[in-house]
Amino acid sequence: MKLFLDTADVEEIRIAARWGVLDGVTTNPSLYAKVGGSYDDIIREVCKITSGPVSAEVIADDVEGMLVEGRHFATIAPNIVVKIAMSENGLEAISRLADEGIKTNCTLIFTPNQGLLAAKAGASLVSPFVGRLDDINQDGMIVIRELGEIFALHEIDAEIIAASIRHPLHVTQSALAGAHIATVPFKVLQQMVHHPLTDKGIVQFKKDWAAASTAAAAKNAQA
Ligand code: G3P
């Protein structure tokens, strides 16, 4: 399963890229609002850091507006994917951008039917929001699993991005449920690195090494 970072924070993206685990990036207006500045500049910078897909989300809710924004984003870099929310207009914009060879990520997916429609319209990525479903007492992983089965059964090429990931267990569950990609906040990526026994083990190794070195130095000094 591929791992994307769900952030507009360029420094976080640089760190994940240095770790060698970054396959792409997703942004949205809420994530952009946390960092501010020029959205175009951020997206351009991110596309220099990763050659993987970088999702840039349109704001317009009319088809022509979505097309104008989507075409503009597509000029920024070859790895741009235009992110469009599920709606009747969104489906039309996805279909028309697909005809123009522009890749799209259909976001705010909450049911397998919405995911199926997005893929049929031509979205190359579809993004079920697992955390927001969990928030309202519905199991978000069911959408990932069912959509995965539908895509496999009917040989649909679109890839499923497990989005709205809130904790490391969501990542494991998404991988097991058949998501092609999980897009994760940087904090979750850091949580995935750590385990208390790993961190404790590192401290103990250093302590034992230091004690052994001191003992060896003392022995050499006596010789
Ligand atoms: O990828 C979608 C994500 O940014 C939404 O996450 O935590 O606001 O539901 P959340």
Side-chain angles (χ1 to χ4, degrees), residues 1-13 15-17 21-37 39 42-43 45-47 49-50 52-59 61 66 69-70 73 79-87 90 93-94 103-112 114-115 117-119 123-145 147-148 158-175 177-192:
M1 185 179 68
K2 286 174 268 189
L3 278 178
F4 288 8
L5 214 49
D6 195 28
T7 184
D9 184 323
V10 173
E11 276 318 304
E12 292 179 348
I13 295 164
I15 293 169
V21 299
L22 185 72
D23 296 308
V25 172
T26 51
T27 65
N28 65 33
S30 307
L31 295 170
Y32 162 61
K34 286 186 188 166
V35 294
Y39 190 51
I42 291 169
I43 294 299
E45 197 57 33
V46 173
C47 288
I49 300 169
T50 177
V54 174
S55 290
E57 185 158 342
V58 302
I59 297 303
D61 45 24
M66 289 177 183
E69 287 182 55
F73 288 145
N79 50 331
I80 284 286
V81 175
V82 178
K83 203 171 177 191
I84 297 180
M86 167 53 66
S87 68
I94 286 168
K103 290 193 169 163
T104 54
N105 169 3
C106 189
T107 188
L108 289 170
I109 296 290
F110 293 95
T111 68
Q114 289 180 318
L117 286 171
S124 45
L125 302 173
V126 299
S127 296
F129 275 33
V130 297
R132 291 192 195 183
L133 280 169
D134 288 358
D135 287 344
I136 59 162
N137 204 26
Q138 292 181 17
D139 186 350
M141 286 304 152
I142 292 176
V143 180
I144 302 289
R145 190 170 302 108
L147 203 47
E159 289 186 294
I160 300 164
I161 306 189
S164 184
I165 294 282
R166 301 283 174 72
H167 48 70
L169 190 55
H170 269 158
V171 181
T172 309
Q173 290 170 332
S174 298
H180 302 92
I181 302 155
T183 188
V184 304
F186 185 66
K187 182 177 162 240
V188 173
L189 194 68
Q190 286 179 306
Q191 288 172 319
M192 288 166 67

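Both counts, for ligands and for their atoms, begin at 1 and track the order of listing. All heavy atoms count here, side chains included; hydrogens, waters and symmetry mates do not.
- You'll find the side chain of Ile181 stays beyond 4.5 Å of the side chain of Asp23, heavy atoms only.
- Looking at Leu147 and Val126, their side chains come closer than 4.5 Å, going by heavy atoms from C-beta outward.
- For the pair Lys34/Leu31, a side-chain contact is recorded, criterion being any heavy-atom separation below 4.5 Å from C-beta on.
- Nearest protein heavy-atom contact of atom 5 (C) of ligand 1 is Arg132 NH2, 3.5 Å.
- Within ligand 1, counting atoms from 1 as listed, the ones closer than 4.0 Å to a heavy atom of Asn28 are 3 (C), 4 (O).
- Taking 4.0 Å as the cut-off, Thr26 does not count as a neighbour of ligand 1 on heavy-atom distance.
- Atoms of ligand 1 lying under 4.0 Å from at least one heavy atom of Arg166, given by number and element, are 7 (O), 9 (O), 10 (P).
- Near Ala163, meaning under 4.0 Å from any of its heavy atoms, are these atoms of ligand 1: 1 (O), 2 (C).
- Remark: the backbone N or O of Thr27 is paired with a side-chain donor or acceptor of Lys83 at under 3.5 angstrom.
- When all heavy atoms are compared, the tightest approach of Ser55 to Thr26 is OG-CG2, 3.8 Å.
- For the pair Glu159 and Lys2, the tightest heavy-atom approach, listed with the atom from each and the gap, is OE2-NZ, 2.8 Å.
- Among all protein heavy atoms, the one lying closest to atom 3 (C) of ligand 1 is Asp6 OD2, 3.0 Å.
- Here atom 10 (P) of ligand 1 lies nearest to Ser164 when heavy atoms of Ser164, Pro185, Pro128, Ser55 are compared.
- Within ligand 1, counting atoms from 1 as listed, the ones closer than 4.0 Å to a heavy atom of Phe129 are 2 (C), 5 (C).
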